[in-house]
Amino acid sequence: MEIRTATPSDWPRIIEIYNHAVGDGHSTADTEPVSVEGRKEWLNQHTSHRYPIRLAEEEGTVVGWCSLSPYRPGRKALSAVAEISYYIARESRGKGCGDKLIKDAISFAENHEFRHLIAILLDINVASLCLLQKFGFQQWGKLPNIVAFEDKTCGQFIYGKSLFSTAGHPSHLAAIL
């Protein structure tokens with residue numbers, strides 16, 4: 001499995017994989033499939049070097065993606081915080097794709113001087129909760145019962161991971177010092 005940065009030619013596959021999550025009904029608060037055109041502004045925000053969409057690719061097929069997005073854009077004091085999102089194609093789940101994408105995102109974030117990563121997810125998304133916890137993310141907040149689907153209500157968790165110790169060193173370096 002190779003990891004690479006997305007280009008605009010990858011956008012249809014990125015949206016296709018995202019729509020798998022929409023159809024599953026427990027991985028996103030979107031309830032209707034989205035289109036490249038409808039997400040064009042978001043996709044364009046992720047063509048910069050600082051906020052990429054990273055792809056997992058097997059045998060020339062994109063099987064998952066992970067994005068780093070600005071958290072509360074325009075607020076300079078939060079510029080070292082990125083929101084992490086990831087989606088895996090149905091046929092590739094449970095095969096280590098999520099692990100590779102999260103590892104890549106953490107490494108990218110550390111190398112680009114982000115101090116914290118946050119994930120905002122549905123509290124019923126058990127697979128994602130377990131994946132985040134595996135990589136040291138912790139629950140930093142909960143918004144109870146704010147997501148209203150036709151057949152169920154759920155909350156959102158805010159999970160976070162600090163990448164730097166209080167001394168300002170990347171977390172993987174702090175253990176060495």
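What you are looking at is a predicted structure, and each value in this text was computed from that prediction instead of being measured.
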Shortest non-hydrogen separation from Ile124 to His26 and the atoms involved: CD1-CB, 3.9 Å
Minimum-distance pair of heavy atoms, taken over all atoms of Lys100 and Met1: CD-SD, 3.8 Å
Heavy-atom pair of closest approach, residues Leu132 and Ala119: CD1-CB, 3.7 Å
Considering all heavy atoms, the nearest Cys97-Val63 contact: SG-CG2, 3.9 Å
Asp24 side chain near Arg90 side chain, heavy-atom distance below 4.5 Å: yes
Verify same cluster id: Phe137, Leu122 (apolar side-chain graph, 4.5 Å): no
From Ile3 atom CD1 to Leu55 atom CG, the distance as rounded to the nearest 0.5 Å: 8.0 Å
From CA spacing to verdict: side-chain contact (heavy atoms from CB on, under 4.5 Å), Glu57, Arg13: CA-CA 11 Å; Glu57 195 171 57; Arg13 180 64 175 157; over 6 Å; no
Shortest non-hydrogen contact between Phe114 and Leu163, atoms and distance: O-CD1, 3.6 Å
Gap separating the CG atom of Leu121 from the CD atom of Gln156, nearest 0.5 angstrom: 8.0 Å
Side-chain donor/acceptor of Asn125 to backbone N/O of Ser128, under 3.5 Å: yes
Aromatic plane relationship, Trp42 with His46 - under 30° parallel, 30 to 60° tilted, over 60° perpendicular: tilted
Single-linkage hydrophobic cluster, 4.5 Å side-chain cutoff, Ile106 and Tyr51 together: yes
Ring geometry between Trp65 and Tyr87 (parallel below 30°, tilted from 30 to 60°, perpendicular above 60°): tilted
Spatial distance of atom CD1 (Ile53) from atom CG (Leu43) [nearest 0.5 Å]: 5.0 Å
Asn44 (side chain) donor-acceptor with Lys40 (main chain) under 3.5 angstrom: yes
Crowding at CD, Glu91 (>12 non-hydrogen neighbours, <6.0 Å): yes
Chi angles and distances behind the side-chain contact (heavy atoms from CB on, under 4.5 Å) call for Leu68, Leu117: CA-CA 9 Å; Leu68 292 179; Leu117 290 177; 3.7 Å; yes
Side-chain donor/acceptor of Lys161 to backbone N/O of Phe135, under 3.5 Å: yes
Any side-chain donor near an acceptor of the partner, Thr7 and Asp10, under 3.5 Å: yes
Common cluster, Ile102/Leu129, ILVMFWY with side-chain heavy-atom separation under 4.5 Å: yes
Heavy-atom closest pair, residues His116 and Ser162: ND1-OG, 3.1 Å
Any donor-acceptor N/O pair, Ser79 side chain to Lys76 backbone, under 3.5 Å: yes
Val34 side chain near Asn19 side chain, heavy-atom distance below 4.5 Å: yes
Full working for side-chain contact (heavy atoms from CB on, under 4.5 Å) between Val36 and Ile14: CA-CA 9 Å; Val36 170; Ile14 289 166; over 6 Å; no
Phe108 side chain reached by Ile84 side chain, heavy atoms, under 4.5 Å: no
Any donor-acceptor pair under 3.5 Å from Arg54 side chain to Ala105 backbone: no
Shared hydrophobic cluster, Val62 / Leu101 (ILVMFWY, side-chain heavy atoms < 4.5 Å): no
Single-linkage hydrophobic cluster, 4.5 Å side-chain cutoff, Phe157 and Trp140 together: no
Enclosure of Gln139 CD (heavy-atom neighbours >12, cutoff 6.0 Å): yes
